[in-house]
Visitor: 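I have a structure here, written as structure tokens, and I will follow up with some questions on it.
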There are 2 protein chains.
Amino acid sequence: MDKMQNLSKNQQIIFDLIDKSSEPMKAYSILHNVQKKGIKAPLQVYRALDKLVEIGKIHKIESRNAFIACHNSSCQVSKATAFSICEICEKVTEISSASLSKYLTNFKDKDGMKYSKYNLEFFGLCKKCR
Amino acid sequence: MDKMQNLSKNQQIIFDLIDKSSEPMKAYSILHNVQKKGIKAPLQVYRALDKLVEIGKIHKIESRNAFIACHNSSCQVSKATAFSICEICEKVTEISSASLSKYLTNFKDKDGMKYSKYNLEFFGLCKKCR
DNA sequence: TACATAGTGTTATATTATAACAATTTAAAT
DNA sequence: ATTTAAATTGTTATAATATAACACTATGTA
Ligand SMILES: [Zn+2]
Ligand SMILES: [Zn+2]
Ligand SMILES: [Zn+2]
Ligand SMILES: [Zn+2]
């Protein structure tokens with residue numbers, strides 16, 4: 001489950017598309033964009049997305065049901081993710097803050113429990129939209 | 001948009017159901033449970049859910065497409081939410097940690113931007129499942 | 001009263017995601 | 001090289017989640 005592993009044909013096609021996109025992409029939008037490459041069914045898209053998320057090449061933006069490529073070399077397997085989301089233009093940026101990830105990775109709840117994974121989504125207005 | 005406002009008939013029915021549930025409830029499960037009370041269509045459920053989220057009586061667990069009642073008196077309008085989610089039994093608990101909310105509310109990204117809202121989901125194993 | 005806002009009921013439809021089954025490719029393991 | 005297991009693909013059908021559009025009713029308030 002290493003980020004550097006070779007991708008399969010469908011995984012590569014779908015990753016390339018998401019990676020080139022300047023905005024989060026939704027599954028059926030991805031499907032429309034790769035039909036000319038021979039990927040015809042939703043399941044082919046979802047399977048590639050599942051794998052790409054698993055190995056940390058992309059992340060799912062849960063509040064938007066959309067996917068972005070990871071550009072944060074330190075986040076290997078989508079176990080500790082944080083994003084900022086503009087509520088007007090829907091621009092999404094992955095946050096890579098060492099102090100934030102340290103704080104959350106070490107966070108213990110009141111029972112002293114630590115967690116193996118987290119996902120954080122911040123909402124506000126981006127620079128352009130303010 | 002105050003948590004203390006009176007709820008409409010459908011909102012009250014649906015809130016009561018979610019509030020009594022020990023686990024997050026999904027929209028169509030809610031629908032099945034309130035059909036005997038005269039709520040027959042998905043849209044009736046989704047409208048009530050939207051309103052209840054807006055006023056902070058319930059929260060949506062984004063990674064699960066499910067809803068839980070808020071039991072955190074300090075969280076008025078679902079603007080700063082944190083949950084722990086057990087990956088085995090799917091138990092969800094709302095985290096109310098003053099230091100966590102303080103840290104996240106004051107978090108600024110590298111451009112110095114602060115955000116108006118956040119949602120954080122932690123994943124791990126609950127006490128029972130360890 | 002008149003008006004505005006919020007809520008309801010209903011049908012239809014859009015969007016997101018998975019089940020089930022068969023075949024093929026890839027990468028070890030012997 | 002041959003066997004075996006794991007991963008990937010292709011395909012059809014269907015499940016699960018969510019919204020559009022329209023007509024009507026209730027509620028509060030000026
Ligand atoms: Zn990343
Ligand atoms: Zn923006
Ligand atoms: Zn709450
Ligand atoms: Zn558990």
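Every heavy atom of this structure was used, including side-chain atoms; hydrogens, water molecules and symmetry mates were not.
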Visitor: Once you round it to whole Å, what is the distance between C1' of D:dA26 and CZ of B:R47?
Guide: 14 Å
Visitor: Identify, between A:Y46 and B:A48, the residue whose nearest nucleotide on DNA chain C lies closer to the 5' end.
Guide: B:A48
Visitor: Once you round it to whole Å, what is the distance between C1' of D:dT17 and CD1 of B:I61?
Guide: 16 Å
Visitor: Angle class for the A:Y118/B:F122 ring planes (parallel below 30°, perpendicular above 60°, tilted otherwise)?
Guide: perpendicular
Visitor: For DNA chain C, find the residues of residues 25-44 of chain B with a heavy-atom distance under 4.0 Å and give them by number; none if there aren't any.
Guide: B:K40, B:A41, B:L43, B:Q44
Visitor: By side chain to side chain contact (heavy atoms under 4.5 Å, CB included), which residues pair with B:D19, not counting sequence neighbours?
Guide: B:F15, B:A69, B:H71
Visitor: Please report the closest heavy-atom contact between A:Q11 and A:L52, naming both atoms and the distance.
Guide: O-CD1, 3.8 Å
Visitor: Nearest whole angstrom, please: distance from the P of C:dT8 to the CG of B:L52.
Guide: 10 Å
Visitor: When the distance from CD of B:Q12 to P of C:dT8 is rounded to whole Å, what number comes out?
Guide: 11 Å
Visitor: What is the distance, to the nearest angstrom, from the CG atom on A:N65 to the C1' atom on C:dT18?
Guide: 14 Å
Visitor: Examine C:dG9: is either OP1 or OP2 under 4.0 Å from a nitrogen or oxygen in the side chain of B:K9? Give yes or no.
Guide: yes
Visitor: Answer yes if B:Y115 and A:L104 sit in the same cluster of Ile, Leu, Val, Met, Phe, Trp and Tyr residues linked by side chain heavy atoms under 4.5 Å apart, and no otherwise.
Guide: yes
Visitor: Between B:S8 and C:dT8, does any side-chain N or O lie under 4.0 Å from OP1 or OP2?
Guide: yes
Visitor: Taking all non-hydrogen atoms of both residues, which atom of A:N119 and which atom of B:F123 are closest, and how far apart?
Guide: N-CE1, 4.3 Å
Visitor: If you compare all heavy atoms of B:T105 against all heavy atoms of B:K114, which two are closest, and at what distance to 0.1 Å?
Guide: O-CE, 3.4 Å
Visitor: Any side-chain N or O of B:K60 under 4.0 Å from OP1/OP2 of D:dA18?
Guide: yes
Visitor: Against B:I68, only a single residue in B:I58, B:T93, B:I61 fulfils side chain to side chain contact (heavy atoms under 4.5 Å, CB included); can you say which?
Guide: B:I61
Visitor: Between C1' on D:dT27 and CG on B:N6, what's the gap in Å once rounded to a whole number?
Guide: 12 Å
Visitor: Starting at NZ of A:K51 and ending at P of D:dA7, how long is that distance when rounded to a whole Å?
Guide: 6 Å
Visitor: Atom CG of B:N10 to atom C1' of C:dA6: distance rounded to whole Å?
Guide: 12 Å
